[in-house]
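Proteins come first, then strands; the chains are lettered A, B, ... in the order of their sequence lines, and each starts at number 1.
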Amino acid sequence: MPIHNSDVANIFNQVADLLDIEGANIFRIRAYRDAARTVKGLSKRVEDMVKEKEDLQELPGIGKDLAKKIEEIVETGSLEFLEEIKKRTNPELAKMLSISGLGPKKVSKINKELEVENLEQLQEAAEKHKIQELEGFGKKSEEKILKALKTKKEEAPRSKLISAEEIAEPLFEYLEDDENVDKIAFAGSYRRHKETVGDLDILVTSENPKEVMEHFTSYEDVENIQAKGKTKSTVILRSGFQVDLRVVEKESYGAALLYFTGSKAHNIKLRNLALDIDLKINEYGVFKNDDDKIAGKTEEEIYDIFDMPYIEPELREDRGEVEAAREGNLPDLITPDDIKGDLQAHSTHSDGRNSLQEMVKAAKERGYEYFAITDHSQSVRVANGLDEKRLGKEIDEIDKMNEKIDGIQILKSCEVDILKDGSLDLDDSILKELDFVLCAIHSYFDLSAEDQTRRILKAMDNKYFNILAHPTGRKIGERKPYDFDMEKIMEAAKERNCILEIDAHPVRLDINDHYAKMSKDMGVKISISTDAHAKNELAYMKYGVWQARRGWLEKDDVINTRKWKELEKIFKR
DNA sequence: GCCGTTTTCGGCCCGACTGTTTTCAGTCG
């Protein structure tokens, strides 16, 4: 059975939860959580690292003990230490930690004094008003627990960035309209353009924080006010989204923005740097001798104290950006304006909702120099895929359009299916007529990692193979990536001058930020394309660029920032 | 449990809000 990085992370998080309830040393618990996060965020498979006898202790936050535990998990699929804790402490108790307002101390107390072992018994105890009798609890705590139990089932998991955007933008406008609001900005993972967003963080400067809070909590979409203070409020919107609003004075704007943008790991890194030189950072500024404020108005000013240039929010994940900044090696990140054309889009010839002409017109309006039509090939029957004959007709149609149209070049392409055995779905005789060939997997997602890797490698052997589209096949919140060896695919791509795609569709965002960084480290070029099935979806490009930025990509790492003449050379592999 | 151009022991980010207290612990981000 393959052991995924997320399996290791889950085991470590379970250990942390249970140790927490047992009241273990908080820093020991943190070590497990940090390790879980490190392993989950690796672009390499920890299973492969163990097999190749790589030194796990090189990883941040992994020492002798945790390295050994990772090896044990990889080799046996489980961790004896976790099983031991489970004998002492009921693992069901960990589920109670997900109840808002219940932490390890309270769970432990409820467990010990009321003999509550699971969520059902918790509900029963609350309904019988046993909870409010406990010391440290009261009526309100009990009501809160009951309410949380009720909504738990419909609790929203992290939302896709695009869904968050739909909620965030109108709220932003509403707040902006308040005359008491001076500066306003998003912070948190939304500002870091993470592919999923847990809650929204908004930062405001104002002379009248009380009025701002009043305005915020009376927003028409607010369903529930979780907390309302002078400087901080939390609400739940009808959509289930949690929104945190913080108000600070303008002298602290930079420090607060830095702090609330996170990531948490990035912040901790900076704070530790500060401690090294006897400074203290909090959301109000950078302080010397405890109360002597030396920075805080802008983020730039704060980074400057540590001799660092401004670090873009997308990079703030503690993946080496602080070190890179200090060494002057930060990437000059790609921007949406660098994109010269879209290399994946569909028309009504296969499963698109707009005609070829409509798609091309929309691409031209976006100011692109070139635009590829990549309708599906024949074996994707549900998408009305093209056979050689129909693709031939589309090629003729595009040739005629190119003769007539000015200012944009329409590229002839096709999203060719990679069949189960690794052969391509269309004959070479037609592939050679195309400007480039996009290849993708749309079937047999559950092959073993070995077979799936072999399948893709074989497809890449075809000299007309240019771009591997949505390489992992994952759909956020819907479908896991198929199992294969990404490192081998990247090595092969580099060897054969093949390109990996960042599919910018907000549901796909495939490859993800970790793999994007890995491709950069390995010297594999990337294309960013929208996979648009309608003309309005050409606007998805920004999500792909944001993902690329999170993967440290610069203009030069992405092929469709180049002119067609240069691109043409790349495609002749 | 991890980590170290002051340390192999003794630290480990920091502050707001809530609910319960009556000065604070617990939780959260």
Side-chain angles (χ1 to χ4, degrees), chain A residues 12 15-16 19-21 23-38 56-70 79 81 96-110 131-145 148 187-190 192 197-203 209 213 217 225-236 242-248 252 255-256 258-287 290 296 318:
Chain A
F12 282 170
V15 169
L19 285 179
D20 216 350
I21 292 169
N25 180 309
I26 182 164
F27 299 106
R28 186 182 179 205
I29 295 162
R30 190 179 293 171
Y32 278 98
R33 295 206 204 281
D34 285 348
R37 183 187 152 268
T38 298
L56 296 169
Q57 290 188 55
E58 300 270 302
L59 300 172
I62 309 286
K64 202 171 159 189
D65 181 87
L66 289 177
K68 232 176 132 187
K69 289 195 165 78
I70 293 174
L79 182 66
F81 180 53
M96 288 165 59
L97 292 174
S98 63
I99 301 289
S100 163
L102 284 189
K105 299 284 188 300
K106 290 191 170 173
V107 168
S108 176
K109 196 172 177 86
I110 293 172
I131 304 277
Q132 55 173 293
E133 291 166 10
L134 292 175
E135 192 194 339
F137 291 79
K139 253 189 161 159
K140 282 199 171 175
S141 324
E142 194 174 81
E143 280 165 18
K144 233 176 130 180
I145 289 170
S189 53
Y190 188 73
R192 302 201 310 280
V197 175
D199 55 20
L200 287 171
D201 300 289
I202 304 177
L203 180 69
M213 289 309 184
T217 50
I225 300 170
Q226 301 275 85
K228 187 175 173 185
K230 278 199 301 269
T231 65
K232 179 183 171 182
S233 291
T234 299
V235 302
I236 307 289
Q242 179 177 320
V243 187
D244 294 335
L245 182 76
R246 285 293 292 247
V247 182
V248 295
S252 297
L258 184 70
Y259 178 67
F260 293 112
T261 297
S263 66
K264 197 172 172 179
H266 180 83
N267 286 345
I268 290 176
K269 194 105 184 184
L270 289 182
R271 285 177 180 211
N272 282 324
L273 278 184
L275 286 177
D276 287 347
I277 49 174
D278 285 330
L279 298 177
K280 187 178 80 171
I281 307 184
N282 58 28
E283 56 260 59
Y284 302 106
V286 183
F287 297 88
D290 264 357
D318 189 20

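Residue A:Phe81 is the one, among A:Thr231 and A:Phe81, whose nearest nucleotide of DNA chain B lies closer to the 5' end (criterion: closest heavy atom).
Per the geometry, CD belonging to A:Gln242 stands 10 Å off P belonging to B:dC28, to the nearest Å. Rounded to a whole Å, the CD1 atom of A:Ile26 is 13 Å from the P atom of B:dC28. In this structure, A:Leu203 places its CG atom 14 Å from P of B:dA16, rounding to the nearest Å. Protein atom CD1 of A:Ile29 is 11 Å distant from nucleotide atom P of B:dG1, rounded to whole Å. One interatomic measurement links the two molecules: CG of A:Asp65 to P of B:dC3, which rounds to 12 Å at whole-angstrom precision. Rounding to whole angstrom units, OH of residue A:Tyr32 and P of B:dC2 are separated by 8 Å. As a whole-Å value, the separation of A:Phe12 CZ from B:dG1 P is 10 Å. Across the protein-nucleic acid pair, A:Leu97 atom CG and B:dG26 atom P stand 14 Å apart, rounded to whole Å.
With both ends at atom C1', the span from B:dA16 to B:dC9 equals 33 Å, rounded to whole Å. The separation of B:dC13 from B:dT22, taken at their P atoms, amounts to 31 Å, rounded to a whole angstrom. Between B:dT20 and B:dC28, the distance separating the two P atoms is 15 Å to the nearest Å. Look at the C1' atom in both B:dC12 and B:dC17: the space between them is 25 Å, to the nearest Å. A distance of about 23 Å separates the P atoms of B:dG1 and B:dT5, rounded to the whole Å. With both ends at atom C1', the span from B:dG15 to B:dG10 equals 24 Å, rounded to whole Å.
The CD1 atom of A:Ile268 sits 11.5 Å away from the CG atom of A:Leu275 when rounded to the nearest 0.5 Å. With values rounded to the nearest 0.5 angstrom, A:Ser233 atom OG is found 7.0 Å from A:Lys228 atom NZ. With values rounded to the nearest 0.5 angstrom, A:Asp201 atom CG is found 5.0 Å from A:Asp199 atom CG. Between the CG atom of A:Asn25 and the CZ atom of A:Arg30 there is a distance of 9.5 Å, given to the nearest 0.5 Å. Summarising the geometry, atom CZ belonging to A:Phe137 is positioned 4.0 Å from atom CD1 belonging to A:Ile110; distances are rounded to the nearest 0.5 Å. The OG atom of A:Ser263 sits 6.5 Å away from the CG atom of A:Asp318 when rounded to the nearest 0.5 Å.
Looking at residues two or more places apart in sequence or on another chain, you find no side chain to side chain donor-acceptor pair (under 3.5 Å) involving A:Ser141. With sequence neighbours excluded, the residues that form a side chain to side chain donor-acceptor pair (under 3.5 Å) with A:Asp65 are A:Lys69. A:Glu283 is linked by a side chain to side chain donor-acceptor pair (under 3.5 Å) to A:Arg246, counting only residues two or more places apart in sequence or in another chain.
At the heavy-atom level, A:Leu102 lies under 4.0 Å from the strands shown only through sugar-phosphate atoms.
Between A:Phe81 and A:Tyr32, the ring planes lie parallel to each other; the angle is under 30°, not in the 30° to 60° tilted range.
For the OP1/OP2 pair of B:dG1 and a distance below 4.0 Å, the side-chain nitrogens and oxygens of A:Lys69 include at least one atom meeting the criterion.
Residues A:Asp20 and A:Arg33 are paired through a salt bridge, judged by an N-O separation under 4.0 Å between the basic side chain and the carboxylate.
With A:Thr38 contributing its side chain and A:Asp34 its backbone, the two residues share a donor-acceptor pair below 3.5 Å.
More than 90° away from 0 lies the glycosidic angle of B:dT22, which makes this nucleotide anti.
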Reading nucleotides 19-24 of chain B from 5' to 3' and marking B where a protein heavy atom lies under 4.0 Å of the base, S where only the sugar-phosphate is that close, and - otherwise, the string is SS----
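Pair assignment for B:dA25 gives B:dT18, based on Watson-Crick or G-U wobble hydrogen-bonding distances that are each under 3.5 Å.
In this structure, A:Ile225 places its CD1 atom where more than 12 heavy-atom neighbours from other residues, nucleotides or ligands lie under 6.0 Å away.
Counting only heavy atoms from C-beta on, A:Ala227 has its side chain closest to B:dT18 among B:dT27, B:dC14, B:dT18.
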Each nucleotide N or O in nucleotides 11-13 of chain B that has a protein N or O under 3.5 Å away: list the pair and distance.
unit_1	atom_1	unit_2	atom_2	d
B:dC13	OP1	A:Arg30	NH1	2.5
B:dC13	O2	A:Arg271	NH1	2.8

Between the protein and nucleotides 4-8 of chain B, which nitrogen or oxygen pairs come in under 3.5 angstrom?
none

